[in-house]
Amino acid sequence: MSAVMAQRQETHGIELTASLAGQEQLLTPAALAFLADLHRRFEPARQARLSARRERQAFFDAGGLPDFRADTAAIRSGQWRVAPLPAALLDRRVEITGPVDPKMVINALNSGAKVFMADFEDSTAPTWSNLLTGQRALKKAVAGTLDWMAPDGSKHYTLKPFEQQAVLMVRPRGWHLDEKHLLIDGAPISASLFDLGLFAFHNSDVLAAKDRGPYFYLPKLQSMEEAQLWNEVLDRVEQALGLGAGQIRVTVLIETLPAVFEMDEILHALRTRIAGLNCGRWDYVFSYLKTFRAHRDKVLPERGQVTMLQPFLRAYSELLIQTCHKRGAHAMGGMAAQIPISGDEAANEAALAKVRADKLREVTAGHDGTWVAHPALIPLAMRIFDERMPGPHQQHVLRDDVLVIRDDLIKPSLGTITRAGFEGNVEVCVRYLAAWLDGNGCVPIHWLMEDAATAEIARTQLWQWLHASGLHLDDGTPVDFALLERALIGLPSKLAERMNLPGAQRLGEAIAMLDQLTHADTLEEFLTLPAYQRID
């Protein structure tokens with residue numbers, strides 16, 4: 001597209017509502033015209049998919065249950081396979097994820113992991129500054145020129161040679177989110193199209209020349225139709241940027257309850273470009289809670305008791321392995337959120353023991369790789385997979401022994417709600433929300449790396465517990481709004497000695513938001529929707 005045409009389109013219906021120094025180097029007239037084209041082509045279809053989500057949730061709220069689709073039975077029973085995997089994605093035994101700030105990007109690419117998922121979604125608060133800083137950092141990383149100097153000048157971070165770097169994958173925000181800083185014809189562009197489109201526009205040619213994609217992780221899908229929409233978008237991106245068909249490869253996170261019933265269909269919709277599915281376990285638990293928010297018999301115990309050893313989560317992960325390997329795709333395991341505990345050797349060893357057990361479970365079950373949130377966990381996870389997965393993957397492990405029916409995927413786990421569990425949810429949600437409002441989307445809390453997904457579990461559990469009458473803590477205390485009020489009132493003094501915490505100055509605002517969200521008669525679909533209106 002010519003610069004003249006791009007400039008003409010920029011002045012007709014394209015409006016930026018924020019301004020940062022240097023943003024014109026990323027948001028060039030041609031880049032804006034490219035994004036506008038994606039919006040105009042696909043926004044009606046996106047809105048239709050979001051409407052279908054609302055209809056689906058209304059069905060669940062009325063007592064309906066998710067199930068495998070009758071109209072797609074032929075896809076599930078067919079003998080098709082996805083396209084062969086590119087060489088760069090054959091071995092993905094350990095992947096690291098994190099936000100897109102320059103220091104994180106350098107450390108993750110240098111970390112020794114096989115893949116780095118640069119995350120514009122759950123671990124990035126989408127301030128305009130964060131988004132453009134992230135896009136700029138990734139552009140420099142792809143070019144090999146990214147560096148970062150510590151503010152005090154004590155350390156200079158640079159990239160290792162390209163051959164020693166992790167393979168870069170990028171996760172855009174989900175279909176449900178808008179990017180309010182860029183309006184097309186008066187409407188905000190999809191955050192998904194903004195994140196993926198801007199990265200693809202600036203980096204596709206360089207990555208394709210290196211045989212590195214571009215590669216993406218696609219979040220929060222609920223259906224085959226949403227996967228089909230992504231495939232149409234990526235077809236258009238390839239066409240507009242002069243890439244070969246299927247050049248862009250994707251991995252889909254199975255992190256919603258409706259999606260687990262359509263894994264074959266999602267693979268089929270993206271079969272010319274999909275590389276695998278991933279067990280996005282924390283968002284999956286959040287989705288389970290949200291799906292069954294009106295089902296009194298589906299209330300889950302506190303988060304610490306909802307582990308992958310629970311039958312409904314084990315069924316989810318084993319069905320994912322079976323489905324992927326039948327189709328020639330990778331089955332990626334979930335996140336280890338632990339971070340090293342300094343100054344307490346016994347506590348640190350206990351945390352590492354949980355990571356070892358989790359990664360051993362994954363590799364033994366047949367997963368082809370796993371996720372960690374902290375570079376210090378890479379050697380541990382790598383060693384476990386190296387010992388038990390001598391080849392690049394385990395697609396030969398077909399898991400024919402797995403027989404999962406609908407009820408296996410929706411039967412809730414048994415357990416309790418302790419006072420510590422209730423108050424822990426309050427603290428995690430408030431502290432994360434305060435940090436998010438202050439521009440930080442990835443927050444260490446009690447030696448776990450919390451992101452939007454884990455905060456959503458905390459927030460949704462509180463709402464469900466408080467609106468399901470008759471629940472009690474394990475000590476007999478009623479779970480009611482008086483219990484919540486005491487926890488909220490006591491939180492500032494509890495945190496007073498740590499007021500240097502991320503987002504401490506917005507603690508009051510976060511407490512007020514959580515109070516409002518939990519008292520609401522209807523569960524807010526996503527915590528980040530009302531919070532997004534309060535940033536920038």
Side-chain angles (χ1 to χ4, degrees), residues 38 41-42 45-46 48-49 52-53 68-69 71-72 74-86 88-90 92 95 115 117 121 167 169-176 190 192-193 195-197 199-200 204 207-208 212-241 243-256 258-280 283 319-332 368-369 393 395:
L38 294 179
R41 288 175 182 270
F42 299 111
R46 180 177 79 107
R49 302 300 186 270
R53 285 188 182 184
F68 297 98
R69 290 170 56 163
D71 63 326
T72 57
I75 293 177
R76 293 194 299 276
S77 63
Q79 299 303 309
W80 53 271
R81 290 172 64 85
V82 304
L85 301 179
L89 295 180
L90 283 175
R92 300 170 61 179
E95 301 187 348
V115 169
M117 188 197 76
E121 202 215 15
V167 173
M169 302 186 77
V170 173
R171 177 163 71 170
R173 285 167 286 172
W175 279 133
H176 62 290
S190 155
S192 303
L193 297 182
D195 295 341
L196 184 143
F199 177 82
S204 289
L207 289 168
R212 288 293 180 93
Y215 302 138
F216 296 97
Y217 258 102
L218 304 181
K220 303 287 192 296
L221 271 66
Q222 290 195 13
S223 68
M224 171 184 71
E225 286 78 11
E226 293 183 18
Q228 288 173 335
L229 176 57
W230 264 124
N231 197 59
E232 292 168 10
V233 168
L234 297 174
D235 281 345
R236 174 57 186 169
V237 170
E238 289 171 343
Q239 179 187 31
L241 298 181
L243 302 173
Q247 178 69 43
I248 296 174
R249 293 302 188 99
V250 300
T251 299
V252 170
L253 290 127
I254 301 299
E255 53 186 352
T256 70
V260 80
F261 294 94
E262 299 192 31
M263 291 192 291
D264 274 302
E265 292 88 335
I266 289 170
L267 286 168
H268 189 265
L270 290 157
R271 61 192 179 276
T272 63
R273 65 175 74 257
I274 196 161
L277 302 178
N278 177 289
C279 281
D283 264 306
L319 180 61
L320 184 144
I321 295 167
Q322 182 189 60
T323 304
C324 286
H325 289 179
K326 179 181 179 181
R327 306 304 183 186
H330 279 350
M332 301 302 297
D368 301 292
H393 52 75
Q395 288 190 17

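With sequence neighbours left out, the ring-ring contact (aromatic ring centres under 6.0 Å, His included) criterion links Phe42 to no other residue. Scored by the side-chain hydrogen bond (donor to acceptor under 3.5 Å, both in side chains) test, Gln322 finds no partners at all (sequence neighbours excluded). When the side chain to side chain contact (heavy atoms under 4.5 Å, CB included) test is applied to His330, the partners found at least two apart in sequence or on another chain are Leu85, Arg92, Met332, Asp368, His393, Gln395. In terms of the side-chain hydrogen bond (donor to acceptor under 3.5 Å, both in side chains) criterion, residue partners of Gln239 (sequence neighbours excluded) are, by chain and number, Arg236. With sequence neighbours excluded, no residue forms a salt bridge (charged side-chain N to carboxylate O under 4.0 Å, His left out) with Arg212. Take Thr72 and apply the side chain to side chain contact (heavy atoms under 4.5 Å, CB included) test, not counting sequence neighbours, and it matches Arg69, Ile75, Arg76, Met224, Glu265. In this structure, Ala48 has no side chain to side chain contact (heavy atoms under 4.5 Å, CB included) partners at least two apart in sequence or on a different chain. With sequence neighbours left out, the salt bridge (charged side-chain N to carboxylate O under 4.0 Å, His left out) criterion links Arg271 to no other residue. Taking the ring-ring contact (aromatic ring centres under 6.0 Å, His included) definition, one finds that Phe68 meets it with Phe261, sequence neighbours left out. Remark: His325 pairs with no residue by the ring-ring contact (aromatic ring centres under 6.0 Å, His included) rule, at least two apart or across chains. For the side chain to side chain contact (heavy atoms under 4.5 Å, CB included) test, residues two or more places apart in sequence or in another chain that qualify with Ala200 are Ser204, Phe216, Val237, Leu241.
A heavy-atom distance below 4.5 Å is not found between the side chains of Trp230 and Val252. Here the side chains of Arg171 and Leu253 are in contact, with some heavy-atom distance below 4.5 Å. Contact check for Asp235 versus Arg273: side-chain heavy atoms found under the 4.5 Å cut-off.
Remark: the backbone N or O of Lys220 is not paired with any side-chain donor or acceptor of Thr256 at under 3.5 angstrom. Glu95 contributes no side-chain N or O that, together with a main-chain N or O of Gly369, makes up a donor-acceptor pair within less than 3.5 Å. Side-chain atoms of Ser192 come within 3.5 Å of backbone atoms of Trp175 as a donor-acceptor pair (strictly under, hydrogens ignored).
To the nearest 0.5 angstrom, Thr251 atom OG1 is 7.0 Å from Ile274 atom CD1. To the nearest 0.5 Å, atom OG of residue Ser77 and atom CG of residue Asp264 are 9.0 Å apart. The line from CD of Glu226 to CG of Leu270 is 11.5 Å long, rounded to the nearest 0.5 Å. Atoms CD1 and CG, from Ile248 and Leu196 in turn, are 6.5 Å apart once rounded to the nearest 0.5 Å. The distance from the CD atom of Glu255 to the CG atom of Leu218 is 10.0 Å, given to the nearest 0.5 Å. In this structure, CG in Leu320 is found 5.0 Å from CE in Met263, a value given to the nearest 0.5 Å.
Annotation for Leu89 and Ala275: closest pair CD1-CB, 3.9 Å, computed over non-hydrogen atoms. The nearest pair of heavy atoms linking Pro172 to Glu121 is O-CB, 3.8 Å. Across Leu229 and Ala45, no two heavy atoms sit closer than the pair CD1-CB, 3.7 Å. Nearest heavy atom pair, residue Ala245 against residue Glu238, reads CA-OE1, 3.5 Å. When all heavy atoms are compared, the tightest approach of Ala208 to Leu243 is CB-CD2, 4.1 Å. When every heavy atom of Val82 is checked against every heavy atom of Gly328, the shortest pair comes out as CG2-O, 3.6 Å.
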Stepwise side-chain contact (heavy atoms from CB on, under 4.5 Å) test for Trp80 and Leu267: CA-CA 10 Å; Trp80 53 271; Leu267 286 168; 3.8 Å; yes
Please assess Leu234 against Val250 for the test side-chain contact (heavy atoms from CB on, under 4.5 Å), listing each intermediate value before the final yes or no. CA-CA 10 Å; Leu234 297 174; Val250 300; 3.6 Å; yes
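Within the structure, no pair that satisfies the salt bridge (charged side-chain N to carboxylate O under 4.0 Å, His left out) test touches residues 243-253, not counting sequence neighbours.
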